[in-house]
Structures are given as structure tokens and as C-alpha cells.
Amino acid sequence: MSAAIVTRELGKRYRSRWALRDCDLELPAGAVIALVGPNGAGKTTLLQLLVGLQQPSAGSVSLFGRPEPGGSAQALAQVGYVAQDHPIYRRFRVSELLHLGRSLNPGWDQDLAERRIEELGIPLRQRTGRLSGGQQAQVALALALAKRPKLLILDEPVASLDPLARREFLQVLMATVVDEGLTVLLSSHNVAELERVCDHLVVVADGRVQLAGDVEALLGEHRVLTGPSGGL
Ligand code: ATP
């Protein structure tokens, strides 16, 4: 198994408080990895450290075997990232976001992005703030995929969606993963929602990794921790 993401004693401190500490992970390439934990567990902090939006207070991150804190620029070019909430997106037309993406990313695939958005039936002139939550999530996914990433990182992509939009989003995501052989890391509060789609599970609480490994192997132990609903 080759690793897409390796962290060693990774930690982030805000003032005197550790939001994440002693985080040692080896996450396999080509897998769908669920990062689950309750509010304030450290999920966003970990994802932001991986994509270089935060600098570590301790330890290191390595993406695709490039051992540099926060990931090297070369490695980060291979990562598509969808932030937890993206209010800035809502001010723009879809076409403006596409233009922005193209000007910022050398490997940008404009045809792919436009095709995905057309398939959703969304006019390019539409302001994203006027789209439904499910459509906004799909546009954010289309933008992240236009980078032609090897690794896709999504921070609670379905948290604010209704059950139908959640199912649709996860279906589209899984179809893409199968088509493109991507490594996907996505976070959620809800284990039950992701256990059907993920191969690998990482559970964080109180800024520490509590469990990590193959989902089949961990599920029994995890259910004992969370109860029958699987909610954290
Ligand atoms: P949620 O599910 O609510 O998004 P999370 O698991 O993503 O939570 P983080 O957002 O990583 O958790 O937050 C972990 C801890 O770090 C929390 O206690 C949070 O208040 C704190 N924290 C996060 N960002 C900052 C910041 N910029 N400054 C200070 N404290 C922060």
C-alpha cells in the first residue's frame, strides 16, 4: 500500500490550547477515507494543515511522499480542497468562479468544469448565492475536480444539506472516485452516513486521533464507542 498522506507527531496550537496534537497517520492512496468526530474535535484543523492553510505548531505532513511541512507546492497542486463553508463563493457567478480557478491553477481543466456544471443544469451566469445548498456543493466539487487532483479533501461537504441532497452529493462523489481513481478524504460528524462509502476511517476527538484504520476492521469497535445510531 502506498500512502497518499503521512503525518508525524502533527500538532496545531492556538495560543495555549492544542486543537490537534500527536497526530500520526498513514492514509492509503486510492481509498475513500472518512474523518469523523464531534464539534471542535480538530477535523478542520487537520484538513487545513494538510492543504497548507495552517502551519503546524509541531510535527510534519507529507503528501505523495514529499516530506515538507504543510505539503510542498508541487504536492498541493495535486490536491482539490472544498472548505467547510465558503461564503465568498456566494457573491460570484459560476462563470466568475471558473475564471478565477483557471487563472490560479496551471493544470485547470475548463472543459471538465463546464461539462460537470452543464450536466447539473446550472447556467454559468447564475450567482452561486442563488443556488440551492445541494447545487452549491456540486459546484464546489466541480471546481475542486477541475484541478485534476490526485487527492480530494472535503470538509463536511454534506453537513448543511437535506437528506436527498446529501445522498445525491455522495452518489456523484462516489461515481467520480470510481471513474478517476482518486484518493478522497472527507469529514463528517456522522459515521453512519459515511461508513457505506468509505474504505478507511479516522476518528478524532479532543484534538487526538482515537482510531484509524480499515473501516471493516474498525466498525465493531467504533459502534461500541458511538452507540447504534453511529452519530458522534
Ligand atoms: P466542527 O465540526 O465544529 O467544524 P472541527 O472538528 O472541525 O469542528 P476545529 O474547527 O478543527 O474542529 O477546531 C478544533 C479546536 O480548535 C476547537 O476548540 C476550536 O475552537 C479551535 N480553533 C479552531 N480554529 C481556531 C482559530 N483560528 N483560533 C483559535 N482556536 C481555533
Side-chain angles (χ1 to χ4, degrees), residues 4-27 31-63 69-71 76 79-90 133-134 136-137 140-141 144 151-163 165-166 169-170 173 183-198 200-213 215 218 221-223 225-227 229-232:
I5 300 170
V6 176
T7 66
R8 293 278 177 249
E9 296 178 12
L10 183 65
K12 179 68 186 176
R13 196 180 53 217
Y14 296 109
R15 299 184 184 229
S16 60
R17 190 173 184 284
W18 287 88
L20 186 75
R21 66 191 310 174
D22 300 329
C23 176
D24 286 307
L25 290 171
E26 274 196 41
L27 302 177
V32 177
I33 304 144
L35 172 63
V36 294
N39 276 332
K43 302 183 295 297
T44 297
T45 300
L46 172 57
L47 298 183
Q48 290 187 342
L49 288 165
L50 296 179
V51 298
L53 284 172
Q54 296 283 353
Q55 292 307 306
S57 311
S60 64
V61 171
S62 150
L63 301 179
L76 288 176
V79 181
Y81 175 63
V82 178
Q84 184 170 10
D85 47 41
H86 28 78
I88 194 165
Y89 287 172
R90 293 181 207 133
Q136 286 184 29
L141 177 62
L151 168 65
L152 187 60
I153 294 184
L154 307 113
D155 196 353
E156 300 201 32
V158 296
S160 59
L161 306 185
D162 62 49
R166 282 170 181 246
F169 183 90
L170 290 175
L173 180 66
T183 305
V184 178
L185 172 60
L186 74 169
S187 66
S188 175
H189 289 186
N190 192 331
V191 181
E193 183 164 64
L194 296 187
E195 74 181 39
R196 284 184 301 276
V197 299
C198 71
H200 203 92
L201 189 63
V202 177
V203 180
V204 287
D206 281 335
R208 290 183 188 268
V209 174
Q210 309 288 331
L211 291 169
V215 73
L218 286 180
E221 191 180 350
H222 191 68
R223 285 226 174 81
L225 288 175
T226 61
S229 75
L232 281 160

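Residue indices begin at 1 and follow the sequence shown. Counting starts at 1 for both ligands and their atoms, following the listed order. Side chains are part of it too, since the values below use all heavy atoms of this structure and drop only hydrogens, waters and symmetry mates.
- Protein neighbours of ligand 1 below 4.0 Å, counting non-hydrogen atoms: Y14, R17, A19, P38, N39, G40, A41, G42, K43, T44, T45, Q84, E156, H189.
- Within the structure, no pair that satisfies the salt bridge (Lys or Arg N to Asp or Glu O under 4.0 Å) test touches residues 44-63, not counting sequence neighbours.
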Exercise for review: Take Q48 and Y81 through the side-chain contact (heavy atoms from CB on, under 4.5 Å) test and state the conclusion after the steps.
Suggested key: CA-CA 9 Å; Q48 290 187 342; Y81 175 63; 3.7 Å; yes
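- Once rounded to the nearest 0.5 Å, the distance linking CD1 of I33 with CG of L27 reads 4.5 Å.
- Remark: D206 CG is loosely packed, at most 12 non-hydrogen atoms of other residues, nucleotides or ligands lying under 6.0 Å away.
- With respect to K43 and D155, no salt bridge is recorded, no charged nitrogen being found less than 4.0 Å from a carboxylate O.
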Exercise for review: Show your reasoning for whether side-chain contact (heavy atoms from CB on, under 4.5 Å) applies to L10 and L46.
Suggested key: CA-CA 9 Å; L10 183 65; L46 172 57; 3.9 Å; yes
